[in-house]
Visitor: 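Structure in structure tokens, see below.
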Amino acid sequence: MTWPSSATLLAPLAPWFDGNRRELPWRAADLDAAHPDPYAVLVSELMLQQTQVATVLPYFTRWMDRWPTVEALAAASDEEVHKAWEGLGYYRRARLLHAGAKRIAGEGWPSDLAGLRGIPGLGDYTAAALAAQAFQQPEAALDGNAFRVLARLLGLEGDPRPRARELRDWLRPALAALGPSRLTQALMELGATVCAPLPRCGGCPVADRCAALRLEATGRIPPARPRAQPATSEFWLAAVEAEDRWLLAEPAGQGLLAGLWRWPSTPLPETGADAAAEPIGTYAAAELSAWPSWTQVYTHRRERVHPLRIRLQEGFDAPAGFAWTDPGRLGELPMGRRDSRLRELLPQPGAAPLLPVPLGLLLGGLRRGGSPSP
DNA sequence: AAGGCGTGGGC
DNA sequence: TGCCCAAGCCT
């Protein structure tokens with residue numbers, strides 16, 4: 001089918017956005033000029049990948065306060081970058097942003113979309129978002145919001161993402177006519193606040209021309225994406241203390257919780273396994289206590305976490321991949337939510353464990369240099 | 001190219 | 001409680 005002209009169809013979005021936009025710290029006041037701080041846009045875009053605005057706001061403010069320029073970020077250490085990202089999730093973004101800042105600090109900003117696309121962490125969407133919002137180039141940034149808005153307006157059945165090239169070509173005249181930065185942000189803002197998965201069409205400036213609304217198909221367009229719900233597995237998560245130091249797994253280079261410090265952990269033994277009965281032996285735990293468990297949800301895993309504190313009378317050499325850590329440094333280490341949650345529990349009194357603790361398994365594995373598990 | 005990668009909010 | 005989703009990217 002033939003679509004109407006993008007500039008005509010989307011024209012009401014420009015005045016709507018000028019009158020309804022949220023004030024966000026990375027947004028330029030003047031939407032018709034080049035952005036005064038492309039670095040701010042870069043930081044915000046990386047933080048906003050798969051993350052809601054409300055979650056990002058405090059992180060963004062702290063980040064820009066600490067590293068106000070791309071050069072400042074380039075000079076930061078990996079550990080402090082991860083610490084500043086702590087709790088935000090998808091930590092690879094922090095490493096990619098750090099790497100991207102180093103490149104930009106050394107080589108300057110790329111002048112076009114292809115150059116931006118080559119910066120670590122910038123995919124099709126983010127590179128175009130930067131080109132449009134920071135540099136006023138008529139590049140179409142299609143994120144989940146834009147895909148949803150355009151799919152509904154045009155009445156596209158099925159997943160709109162495979163039609164990205166087609167949609168970008170169609171969108172280009174409207175970007176030039178309405179302003180690249182303005183239209184890019186208007187599309188996303190409309191998707192985030194009005195044309196949400198559950199839409200509020202009463203407040204929509206383009207409801208009069210929306211194919212999905214006309215067809216009463218906003219519930220079907222775009223279609224929801226199927227997701228697998230993995231089974232839950234159970235783990236002990238152990239704060240092991242000896243001679244006033246804590247045993248921690250050092251950051252891994254890849255995989256779940258890469259770049260972050262973790263407490264030792266081990267799966268709960270199968271019911272009836274011998275491990276639970278294994279003697280503590282020479283480890284001589286002076287104190288053993290537990291806190292209530294919780295369910296830790298990741299994208300592709302669910303863990304039932306049983307937090308535990310073990311104080312030993314004597315230490316032992318940290319196995320490969322582990323390190324004994326001074327209490328004063330504990331708070332400086334970047335951790336994921338699971339591990340920071342146990343760190344926060346430490347000052348609180350625990351109780352006697354309700355489940356049999358496989359101390360032999362856990363400590364034996366550690367003493368033999370078992371690989372750190374996430 | 002399908003799956004891995006975190007966390008919190010809304011309903 | 002459980003399920004869906006969120007300004008995606010990388011391999």
Side-chain angles (χ1 to χ4, degrees), chain A residues 17 21-22 24-27 40-60 82 85-97 99-100 116-134 139-150 159 161-162 164 181 183-193 195-200 219 222-232 252-260 262 294-305 334-341 374:
Chain A
F17 183 67
R21 67 181 214 171
R22 295 172 288 181
L24 303 175
W26 50 85
R27 293 238 240 240
V41 183
L42 175 69
V43 172
S44 73
E45 287 298 339
L46 266 292
M47 288 187 171
L48 285 163
Q49 288 172 2
Q50 297 291 284
T51 309
Q52 303 191 105
V53 166
T55 303
V56 163
L57 281 171
Y59 284 89
F60 176 85
H82 281 95
W85 206 272
E86 186 179 83
L88 197 50
Y90 285 153
Y91 298 92
R92 183 174 52 178
R93 294 180 295 169
R95 297 187 288 279
L96 291 168
L97 175 57
L116 290 166
R117 184 66 177 77
I119 294 177
L122 304 192
D124 287 342
Y125 159 72
T126 310
L130 213 58
Q133 298 178 74
E139 304 290 355
L142 300 181
D143 71 329
N145 288 310
F147 275 117
R148 187 171 55 249
V149 169
L150 297 180
D159 186 356
R161 290 166 193 275
S181 183
L183 180 56
T184 297
Q185 296 184 68
L187 277 172
M188 293 192 288
E189 190 88 337
L190 187 75
T193 63
C195 194
L198 192 63
R200 302 177 6 230
R225 305 219 299 180
R227 294 163 195 252
Q229 186 63 316
T232 302
Q254 56 181 355
L256 189 67
L257 304 180
L260 306 175
R262 289 149 293 131
W294 72 86
T295 300
Q296 190 70 34
V297 179
Y298 303 104
T299 307
H300 293 290
R301 294 190 206 183
R302 288 172 85 89
E303 288 182 2
R304 189 71 191 172
V305 177
M335 290 181 169
R337 189 67 191 109
R338 180 196 68 179
D339 299 86
S340 68
R341 195 164 167 171

Visitor: Between A:Q49 and A:T126, do the side chains contain an N or O donor and an N or O acceptor separated by less than 3.5 Å?
Guide: yes
Visitor: Using heavy atoms to find the nearest nucleotide of DNA chain C for A:E189 and A:P120 separately, return the residue whose nucleotide is more 5′.
Guide: A:E189
Visitor: Between C:dA7 and B:dG3, how many Å separate the two P atoms, rounded to a whole number?
Guide: 23 Å
Visitor: Counting only side-chain N and O atoms of A:H300, is one of them less than 4.0 Å from OP1 or OP2 of B:dG3?
Guide: no
Visitor: A:G121 or A:R22: which one's nearest nucleotide on DNA chain C is closer to the 5' end?
Guide: A:R22
Visitor: For DNA chain B, whose closest nucleotide is more 5', that of A:L198 or that of A:R95?
Guide: A:R95
Visitor: Under 4.0 angstrom, heavy atoms only, what part of the nucleic acid is A:G255 near: base, sugar-phosphate, or nothing?
Guide: sugar-phosphate
Visitor: Rounding to an integer number of Å, can you tell me how far A:R225 CZ sits from B:dA1 C1'?
Guide: 13 Å
Visitor: Under 4.0 angstrom, heavy atoms only, what part of the nucleic acid is A:S44 near: base, sugar-phosphate, or nothing?
Guide: nothing
Visitor: Would you call A:R22-A:E189 a salt bridge at under 4.0 Å N-O?
Guide: yes
Visitor: Report the residues that fulfil salt bridge (Lys or Arg N to Asp or Glu O under 4.0 Å) with A:R225, sequence neighbours left out, ordered by chain and then residue number.
Guide: none
Visitor: Rounding to a whole Å, what distance do you find between A:E303:CD and B:dC5:P?
Guide: 11 Å
Visitor: Expressed in whole Å, how much space separates the C1' atoms belonging to B:dG6 and C:dC4?
Guide: 16 Å
Visitor: For A:M335 and A:L260, work out which heavy atoms get closest and say how close.
Guide: C-CD1, 4.0 Å
Visitor: Under 4.0 Å, counting only non-hydrogen atoms across every strand here, what does A:L46 touch: a base, just sugar-phosphate, or nothing?
Guide: nothing
Visitor: What does the list of N/O pairs under 3.5 Å between the protein and nucleotides 7-9 of chain B look like, with a distance for each?
Guide:
| unit_1 | atom_1 | unit_2 | atom_2 | d |
| --- | --- | --- | --- | --- |
| B:dT7 | OP1 | A:Y91 | OH | 3.0 |
| B:dT7 | OP1 | A:R337 | N | 2.4 |
| B:dG8 | OP1 | A:R337 | NE | 3.4 |

Visitor: Which residues pass the side-chain contact (heavy atoms from CB on, under 4.5 Å) test with A:A164, not counting sequence neighbours?
Guide: A:L142, A:F147, A:R168
Visitor: Pairing donors with acceptors under 3.5 angstrom, does anything connect the side chains of A:Q185 and A:R27?
Guide: yes
Visitor: Is any side-chain heavy atom of A:R117 closer than 4.5 Å to a side-chain heavy atom of A:L122?
Guide: no
Visitor: Going by salt bridge (Lys or Arg N to Asp or Glu O under 4.0 Å), name the residues that satisfy it together with A:R92, two or more places apart in sequence or in a different chain.
Guide: none
Visitor: Distance under 4.0 Å to a non-hydrogen atom of chain A counts as contact; along DNA chain C, which nucleotides mark the start and end?
Guide: C:dC3 to C:dC10
Visitor: Which residues pass the side-chain contact (heavy atoms from CB on, under 4.5 Å) test with A:F60, not counting sequence neighbours?
Guide: A:P25, A:W26, A:A40, A:V43, A:S44, A:M47, A:V56, A:M64
Visitor: Could you give the distance separating C:dC9 and B:dG8 at their P atoms, to the nearest angstrom?
Guide: 23 Å
Visitor: Name the nucleic acid region contacted by A:W85, choosing base, sugar-phosphate or nothing; use a 4.0 angstrom heavy-atom cut-off, strictly under.
Guide: nothing
Visitor: With a 4.0 Å cut-off on heavy atoms, is A:A224 in touch with a base, just the backbone sugar-phosphate, or nothing at all?
Guide: sugar-phosphate
Visitor: For A:A192 and A:A196, work out which heavy atoms get closest and say how close.
Guide: O-CB, 4.4 Å
Visitor: If I pick the P atom on B:dA1 and the same atom on C:dT11, what distance separates them, to the nearest angstrom?
Guide: 16 Å
Visitor: If you look at every strand shown and take non-hydrogen atoms under 4.0 Å, does A:R148 touch a base, only sugar-phosphate, or nothing?
Guide: sugar-phosphate
